[in-house]
Amino acid sequence: MEELLLHKKHDEKRQGEVFSFINNVPGSNKYFYIESYGCAMNFADSEVVASILKDEGFSATSDLAKADLILINTCSIREKAELTVRKRLSEFKKLKKDKKDLLIGVLGCMAERLKSAFLEQEKLVDIVVGPDAYRSLPILIEEAHSGQKSVNVLLSREETYADISPVRLNSNGITAFVSIMRGCNNMCSFCVVPFTRGRERSREFESILNECRELFNSGYREITLLGQNVDSYHYNNGTENVTFAMLLEKVAQISPLLRIRFSTSHPKDITDDVLFTMLKYENICKYIHLPVQSGSSRILQLMNRNYSREWYLSKVDRIRELIPECGISTDMIAGFCTETEEDHLQSLSLMEYCKYDLAYLYYYSERPGTLAMRKMKDDVELSVKKRRLQELVDLYRIHSKHSMEKEVGKTFKVLVEGKSKKSEDELFGRTDQNKVVVFEKGNLKPGDYVNVKIHSCTSGTLLGTVIK
Ligand code: SAM
Ligand code: SF4
Ligand code: F3S
């Protein structure tokens, strides 16, 4: 078990997904193929890249053999993510033998650190572009065609791609991601993101609202507002300072038929204002992803998370006091530097207290350039990390089973998203709390809201009957 990721979150379940366009460029004879790894921000970025390439006359293809340009949008969060990309790149390189003018490009979070390795030492790719440099792709493609190694990994303090209307890729036409900010200033000691994506910056308020309105007008019914720390969103629109709670409210007011989700909330920053806004609008989903990382205050301090175990638990209590039905999920890391059995027991006991609906559990993977790598020793044996991770997983499974079973007998408003995987006669959708529900098709179609009474469940799915 290299790493255990349970109940892949909807932003991670599309790992390595090949994208194709809905609207290809008419008469185009240039094709690009794109594969994306990592978090939802990367998937959202691939939609920005698609928009830039579409303006250059490219159409997307999911057929590697047809592609003139192969792109891979990469993730650096753990070592395993990087290994997967390297393997994929060596497979792509073989295609060059039969197609000499084929270009291969690396985008995203691995770009900065591995640019020289990819371009010069291993000669795996022709183009390397970092997350803030996608506007330079057309020039880089041109340079690569003329035989130059093309690279732009400059990070920016301003770039938000606010004016680029993303081309929705592999879309179900119902749910979409909208980036509200980029980068991260938090400097958690284990995390590579501040180095790969640069300083935090918030996207212009009106451009977010416009994108959300356009999505709603084209039939989308659920939007997930994305940022590494959405609670620190702030934008001065000339007359006032817009906070995340204010943004949330404005998006919720677009239409009661538009559902709003958001991710990720940082426990040190989430405010009562956000919770009250969630309460005020029925269409803001009652679900919060609140990563804790560890249950030990000592480890949290080493992680530079800026909150203690007690602070975190008081946030969970507050959410449950104000919004008792709110789903809560988390991320946790087992085996961070110096973690003792006592620290680990505290992670288990915190998990026992919170009884998460969903948990993304990892063991610590040392990342180059991070504070932890520079200042701390990765001193927990791999076998111990894995054993502790397994203990977290085992406990989480008990809670998630209970979290599903407690819904049996209840009725939920579900947004229909598409056909169920198992049967043509069934559809699936999600509850407010982000649980997948499968039910009979009847005359329903994606985008409809329907009340479903739950009669049974599996470990990851609720099964129900439509209430007329
Ligand atoms: N911004 C979010 C936050 O503050 O929680 C999380 C962003 S990160 C993309 C997603 C998760 O990956 C983190 O919450 C953490 O649990 C995990 N992660 C990050 N760096 C890691 C590392 N070096 N080893 C293991 N897991 C890591
Ligand atoms: Fe990484 Fe911490 Fe920023 Fe999340 S808040 S992206 S864990 S540095
Ligand atoms: Fe996301 Fe991976 Fe980058 S999790 S921000 S794609 S390092």
Side-chain angles (χ1 to χ4, degrees), residues 2-6 8-9 11-12 14-16 35-46 72-82 84-85 106-114 130-132 155 177 179 181-200 226-232 262-270 288-294 299-300 302-307 312 329-337 339 347 358-373 376 378 380 382 385-386 388-389 392:
E2 182 60 28
E3 165 184 292
L4 246 167
L5 183 61
L6 293 170
K8 293 184 175 184
K9 45 184 156 183
D11 52 84
E12 290 199 9
R14 308 200 307 185
Q15 286 286 356
E35 231 173 76
S36 252
Y37 293 81
C39 64
M41 314 282 311
N42 250 16
F43 289 101
D45 279 4
S46 289
I72 184 159
N73 200 350
T74 60
C75 173
S76 260
I77 201 80
R78 286 168 287 275
E79 195 184 3
K80 184 165 176 258
E82 291 197 350
T84 313
V85 165
V106 162
L107 317 175
C109 291
M110 284 170 80
E112 175 13 65
R113 194 169 70 77
L114 291 165
D132 287 344
L155 289 172
F177 293 126
S179 285
M181 56 212 293
R182 298 182 72 80
C184 184
N185 284 353
N186 280 324
M187 301 304 273
C188 301
S189 60
F190 53 81
C191 183
V192 82
V193 173
F195 304 96
T196 61
R197 291 192 159 252
R199 305 289 292 169
E200 179 190 287
L226 290 180
Q228 292 297 354
N229 181 4
V230 288
D231 303 289
S232 67
F262 54 89
S263 185
T264 297
S265 301
H266 197 298
K268 77 176 164 59
D269 292 321
I270 189 167
I288 299 178
H289 184 56
L290 197 68
V292 64
Q293 314 298 0
S294 168
I299 294 292
L300 286 169
L302 286 178
M303 287 176 160
N304 200 24
R305 289 290 288 179
N306 282 305
Y307 54 83
Y312 182 89
S329 59
T330 202
D331 294 348
M332 265 187 170
I333 299 176
F336 185 64
C337 309
E339 188 188 74
S347 288
L358 220 54
Y360 307 102
L361 306 170
Y362 315 97
Y363 67 74
Y364 175 58
S365 160
E366 189 176 68
R367 304 313 293 134
T370 57
L371 194 75
M373 167 143 197
M376 296 169 216
D378 181 12
V380 180
L382 186 59
K385 287 180 182 172
K386 288 185 175 180
R388 289 182 188 165
L389 173 61
L392 289 171

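Both ligands and their constituent atoms are indexed starting at 1 by order of listing. Keep in mind the model is a prediction, meaning the values are calculated, not measured.
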Tell me whether [X] contacts the main-chain N or O of [Y] through its side chain, where contact means a donor paired with an acceptor under 3.5 Å.
| X | Y | value |
| --- | --- | --- |
| N304 | S189 | no |
| R197 | Q228 | no |
| N42 | T74 | yes |
| S265 | L290 | no |
| R78 | Y362 | no |

Side chain, backbone, both or neither: which applies to [X] and ligand 1 if a contact is any heavy-atom pair less than 4.0 Å apart?
| X | result |
| --- | --- |
| E366 | neither |
| C39 | neither |
| R305 | side chain |
| R78 | side chain |
| Y362 | side chain |

Once you round to the nearest 0.5 Å, how far does CZ of F190 lie from CD of Q293? 4.0 Å

Per atom 7 (S) of ligand 3, closest listed option by heavy atom (C184, A40, S76): S76

Any atoms of ligand 2 less than 4.0 Å from a non-hydrogen atom of F190? List them with their elements.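 Result: 7 (S).
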
Is the closest side-chain donor-acceptor distance between [X] and [Y] under 3.5 Å?
| X | Y | answer |
| --- | --- | --- |
| D269 | N229 | yes |
| T196 | S76 | no |
| E200 | S232 | yes |

Non-hydrogen atom of [X] closer than 4.0 Å to ligand 1:
| X | result |
| --- | --- |
| I77 | yes |
| Y360 | no |
| K268 | no |

Close side-chain approach of V380 and Y363, heavy atoms under 4.5 Å: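 They are not in side-chain contact.
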
Does the side chain of L107 reach to within under 4.5 Å of the side chain of D45, using non-hydrogen atoms? no

Please report whether ligand 1 has a polar contact with S365, defined as an N or O pair separated by less than 3.5 Å (distance criterion only).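 Yes; at least one N/O pair falls below 3.5 Å.
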
Polar proximity ligand 1 side, I333 side, N/O cut 3.5 Å exclusive: no

Under 2.8 Å from atom 2 (Fe) of ligand 2, the protein N, O or S atoms, given as residue and atom: C188 SG

Got a sec, which residues hit side chain to side chain contact (heavy atoms under 4.5 Å, CB included) with D378, two or more places apart in sequence or on another chain? Y364, E366, K385

Under a 4.0 angstrom heavy-atom cut-off, which atoms of ligand 3 come close to [X]?
| X | result |
| --- | --- |
| Q228 | 5 (S) |
| R197 | 3 (Fe), 5 (S) |
| N42 | 6 (S) |
| C39 | 1 (Fe), 4 (S), 5 (S), 6 (S) |
| C109 | 3 (Fe), 5 (S), 6 (S), 7 (S) |

Mind checking whether atom 3 (Fe) of ligand 3 has an N, O or S of C75 under 2.8 Å?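 Within the cut-off used here (under 2.8 Å), C75 places no N, O or S atom near atom 3 (Fe) of ligand 3.
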
What are the atoms of ligand 1, with element, lying closer than 4.0 Å to any heavy atom of R367? 23 (N)

Mind telling me whether Y307 and Y312 have parallel, tilted or perpendicular rings, with 30° and 60° as the class edges? tilted

Begin from the C-alpha positions of L392 and S347 and carry the test side chain to side chain contact (heavy atoms under 4.5 Å, CB included) through to its verdict. CA-CA 8 Å; L392 289 171; S347 288; 4.1 Å; yes

Yes or no: does M41 have any heavy atom under 4.0 Å from an atom of ligand 3? no

For side chain to side chain contact (heavy atoms under 4.5 Å, CB included), just list the numbers for M303 and I333, CA-CA rounded to whole Å, side-chain angles, deciding distance to a tenth of an Å, and then say yes or no. CA-CA 10 Å; M303 287 176 160; I333 299 176; 4.2 Å; yes

